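First up is the structure itself, then whatever we jot down about it.
Reckoned from all heavy atoms, side chains included, excluding hydrogens, waters and symmetry mates. What you see is a predicted model; the values in this text were computed from it and never measured.
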Amino acid sequence: MTDRDLSGLADGPEDLEFLRSLDLRSSITVALNARGRIMGALTLTVGWSGRRYRGEDAHFAWVLSGR
């Protein structure tokens with residue numbers, strides 16, 4: 001994740017510094033759907049482990065977001 005990505009997620013300078021300290025590597029964000037309406041968002045992130053999300057992870061997040 002780039003610093004620009006983190007800046008878009010942060011709620012102020014302190015929050016941005018915290019997000020930077022997590023050393024985030026990969027992220028998936030999907031809409032939370034309930035009865036055909038978007039109710040929020042679900043974001044899954046991976047940090048220090050170095051793991052990267054793949055296509056099947058994104059599919060799982062999409063399925064989870066509709067439950």
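Remark: F60 CZ to I28 CD1 distance equals 10.0 Å, nearest 0.5 Å. The CG atom of L64 sits 12.0 Å away from the CG atom of D57 when rounded to the nearest 0.5 Å. Between the CG atom in L32 and the CD1 atom in I38 there is a gap of 9.5 Å [rounded to 0.5 Å]. Note that the CG atom of D3 and the CZ atom of R20 stand 4.0 Å from one another [nearest 0.5 Å]. To the nearest 0.5 angstrom, L22 atom CG is 7.5 Å from T45 atom OG1. Rounded to the nearest 0.5 Å, atoms CG (L9) and CG (D15) are 8.5 Å apart.
Between the R25 side chain and the R52 main chain, no donor and acceptor come within less than 3.5 Å of each other. The backbone N or O of Y53 lies less than 3.5 Å from a partner atom in the side chain of S26, making a donor-acceptor pair.
Scanning both residues, V30 and S65, for their nearest heavy atoms gives CG2-CB, 3.5 Å.
Using a 4.5 Å cut-off between side-chain heavy atoms of Ile, Leu, Val, Met, Phe, Trp and Tyr, with links allowed through other members, V46 and L24 fall into different hydrophobic clusters.
Few gaps surround CD on E56; more than 12 heavy atoms of other groups in view lie less than 6.0 Å from it.
M1 places a side-chain heavy atom less than 4.5 Å from the side chain of L6. D5 places none of its side-chain heavy atoms less than 4.5 Å from the side chain of S27.
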